[in-house]
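Reading through the structure tokens given below for one structure.
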Amino acid sequence: MRNPDWRKCVLCGDSKDIIKRIPDNSIDFIFTDPPYNIGKHSTGNIPLPGRTPMNNDVAEWDWVDFNPEDWADEFIRILKPTGNLFIFTSYNQIGKWYDCLDHKFDTTNFMIWHKTNPAPKIFKAGFLNSCEMIFTCWNKGHTWNFLSQSEMHNFYESPICMRPERLSNPKHPAQKPVALLKKIIRMATNENDIIFDPFMGVGSIGVAALALGRKYIGVEINKMYFDAAKNRVAEEMEKVKYTDARDGSIVSEPVPVGRHLQWDLTDFRDIMAFPTIVKKAKPELNKTSDFRKSASLPPIIKWAGGKERELKYILPNLPKSFKRYFEPFVGGGSVFMSINADGCFINDLSSELICLYRCIAEHNVRFFDYLRQIDNSWHKAGTFYLDNVVLNELYESYRNGDFSDEKLKTEIDGFCEQRQSEIFSLVPVDFAFSTNVLFEEMRKNLYRKMKRMKVLEHSKNRLPQKDLCDNIETAIRSSLYMYFRYLYNDKNISQEDEILHCALFCFIRNYCYSGMFRYNDKGDFNVPYGGIAYNSKALAKKMDFYSSEVLLSHFRGVVIENLDFEDFLRKHKPAKDDFVFLDPPYDSEFSTYAQNEFTKEDHARLADFLIKECKARWMLIIKNTDFIYSLYNQERINIRSFDKEYMVSFMNRNDKKVTHLLITNY
């Protein structure tokens, strides 16, 4: 039962998971203080003569790589059209936030918080760390509560958080003063607005929000910090004495805060009464569907043109009810994985993709064994680097000019020769077809990477030690990736062992750069390794998902085909009470995915079948072109549009911003 009078909700868990459960367009203000990732630049504790060294580190959690792009889309999704977003950040992150969010808002700007009493520098060898930045975004119509011109300055001064306000147990290195937070919240929100903080820490934003009569949702993954935040927020609730207008009692918490990583996500959505505000597409899309069959599972694999981000347009516009579900171009399966129906029929022309679907549906033992071997090999590559940090010393000597490019090549060749057996041992037993390829890739990758690192440092600055390590580890992992890519392109393997080839396909799709599809003139897949951000990826998580009961249950009874779309539809004959979702390749010069060409003639054939022969209701999502519009601009066919942004441009063959069509026969 929803409680419209709730005031706070504090949760202990991973906010990446929790944010997905927050309804679209429901948050007034995202105000948060995420990791700055400055720990990696720390020089460590400062030695002081005759005294205990000064602690110059931040915290272990600040060493974990934090990527703003991983959060931007979800932030935008949950914000109301008039909502705004304030993010405490640092010099090394503000550019990333700008790149992710500037084009999504009417206005972006920044504020400076000047700390009047920053930590002193023992040695006068640089500036005090007396300023922090706050990245800000807003759209037209959002809240501003300025009383005077003087309040409109984007420069705030205040002391840092000091005792007794500052906690000593637990001590949080980034605790912000409540007075500063109140000033910002009062300026940018109204009473009863919902404030969301996905990096709650010890709860200072929550204390400030509740003190000003706002509603607060806070998330913290660290149990120690969470307990402190829970207590501080509860104490503030007692001070303010929020009451239920119906009976005068203290309003209860919407989700019991004591459940550490055990709270019910369904309860979270059901108990909280969120306003139902909708961002309208142009022209307005149907928002009244009573569709209740959503499975809400993630897609099977990253796939070019995948529709995970378009589900917010697709699902509300499905028919209110239908019996069977058909998808002739299933791709990564975003829509299929969001649908429950009495019967599902999926199809794709990519034989390797369909092999993956079948391996999952059948829980193929050989397939999962191959994936485990690949995953173990990937872990061994990381261990190989840790066991050979001499590579760091080799690069440092090269960087310092101790030897030439030719000498570097000789040193790397010698390193690989001495460790030949270790390099060969990285290859799993069932994949040991051409281990010399891995040996050659290791030589080439280490040499090229070190040369590029030196050029980069010459044009910019010296790499921090962690970045240096990450780059060399990337060269090693890239070598192993290139070996598996070589096997994936081996025609003998693809023809003689479909399951082995499917496991290679699964690995490549997870570790290639941005999940791109690209083949050379010989028909070989040639997308490189994803880079540093992919070093910590593990297939184990994907395997756990592929073998989970919830996924196996979703695949139970599903008919999986590898046919031309028309053959598929004619074979299974969707009826009047059924539904067909279609996401064909786009009408563009770049219309070949996974080496399966889809021409204008195919598009005309598809339109002809749908309009003249298909008895079922259908929805088609496609990029707008004059040709496509002319095919479907007919009586009894509804055409609506929405905007989509590509995160990756395929050799500049896609416009970054395009209009997409949502076409239905109902």
Side-chain angles (χ1 to χ4, degrees), residues 301-307 310 314 326-336 345-355 357 489 491 494 505 509 515-527 560-574 580-614 616 618-634 637 639 641 644 646 648-656 658-665:
I301 199 167
K302 190 170 184 179
W303 197 255
K307 292 295 178 284
E310 287 69 51
I314 295 167
F326 295 79
E327 190 167 352
F329 308 94
V330 70
S334 296
V335 179
F336 161 64
F345 298 75
I346 61 174
N347 175 78
D348 204 278
L349 199 54
S350 169
S351 57
E352 53 195 7
L353 176 65
I354 291 303
C355 182
Y357 276 98
N489 286 324
K491 300 301 185 288
S494 61
F505 165 79
R509 286 294 177 266
M516 285 171 46
F517 286 63
R518 189 178 65 205
Y519 296 84
N520 61 22
D521 293 339
K522 296 179 182 179
D524 288 340
F525 184 81
N526 65 352
V527 177
I560 304 172
E561 299 281 19
N562 179 211
L563 301 169
D564 171 79
F565 74 87
E566 189 172 356
D567 294 338
F568 167 70
L569 293 172
R570 290 191 184 281
K571 178 178 178 179
H572 295 289
K573 298 180 176 60
V580 183
F581 174 76
L582 306 106
D583 179 25
Y586 296 161
D587 168 38
S588 67
E589 294 178 5
F590 187 54
S591 59
T592 302
Y593 292 135
Q595 297 181 293
N596 295 313
E597 188 175 19
F598 203 84
T599 65
K600 288 185 182 295
E601 289 74 18
D602 291 316
H603 276 292
R605 183 165 57 96
L606 174 62
D608 192 62
F609 180 88
L610 292 175
I611 295 170
K612 296 180 180 179
E613 297 188 50
C614 187
W618 52 263
M619 176 193 292
L620 182 142
I621 301 289
I622 196 162
K623 177 182 174 181
N624 185 24
T625 67
D626 292 340
F627 173 68
I628 292 295
Y629 192 85
S630 68
L631 290 177
Y632 293 95
N633 185 24
Q634 301 190 34
I637 302 299
I639 302 178
S641 67
K644 170 176 176 173
Y646 289 95
V648 175
S649 181
F650 294 90
M651 299 179 67
N652 298 317
R653 285 176 284 193
N654 280 325
D655 296 330
K656 284 283 184 181
V658 297
T659 298
H660 277 62
L661 302 180
L662 189 154
I663 307 173
T664 64
N665 67 340

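All residue numbers refer to positions in the sequence shown, counting from 1.
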Report the distance from atom [atom1] of [X] to atom [atom2] of [Y], rounding to the nearest 0.5 Å.
X: K302; Y: M516; atom1: NZ; atom2: CE; value: 10.0 Å
X: K623; Y: S641; atom1: NZ; atom2: OG; value: 14.5 Å
X: F505; Y: S494; atom1: CZ; atom2: OG; value: 13.0 Å
X: F525; Y: R518; atom1: CZ; atom2: CZ; value: 8.0 Å
X: R605; Y: K600; atom1: CZ; atom2: NZ; value: 15.5 Å

Closest approach of [X] and [Y], non-hydrogen atoms and distance?
X: Y586; Y: H660; value: OH-NE2, 3.2 Å
X: F326; Y: H572; value: CE2-CB, 3.7 Å
X: W618; Y: N665; value: N-OD1, 2.8 Å
X: D583; Y: I621; value: OD1-O, 3.6 Å
X: I622; Y: P585; value: CD1-O, 4.1 Å

Within the structure provided, determine whether [X] and [Y] are in side-chain contact (heavy-atom separation under 4.5 Å).
X: M619; Y: V335; result: no
X: L582; Y: F565; result: no
X: S350; Y: W303; result: yes
X: H603; Y: I628; result: yes
X: L349; Y: F598; result: no
X: L606; Y: P584; result: yes
X: Y632; Y: L620; result: yes
X: I663; Y: I637; result: yes

So, the side chain of [X] versus the backbone of [Y]: is there a donor-acceptor pair under 3.5 Å, distance only?
X: N624; Y: L661; answer: no
X: Y357; Y: G333; answer: yes
X: D348; Y: I354; answer: no
X: K612; Y: L610; answer: no

key: All side-chain hydrogen bond (donor to acceptor under 3.5 Å, both in side chains) counterparts of D567, not counting sequence neighbours   =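 With neighbours one apart ignored, the set is empty.
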request  = List for me each residue that meets side-chain contact (heavy atoms from CB on, under 4.5 Å) alongside K571, sequence neighbours excluded, and say none if there are none.
outcome  =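 Residues passing side-chain contact (heavy atoms from CB on, under 4.5 Å) with K571: E561, L563.
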query = Counting only heavy atoms not in N633, do more than 12 sit closer than 6.0 Å to its CG atom?
reply =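 Count over threshold, so yes.
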Whether over 12 other heavy atoms sit under 6.0 Å from K491 NZ =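 Counting other residues, nucleotides and ligands, NZ of K491 exceeds 12 neighbours.
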query = Are side-chain N/O atoms of D602 and T599 paired as donor and acceptor at under 3.5 Å?
reply =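 Yes.
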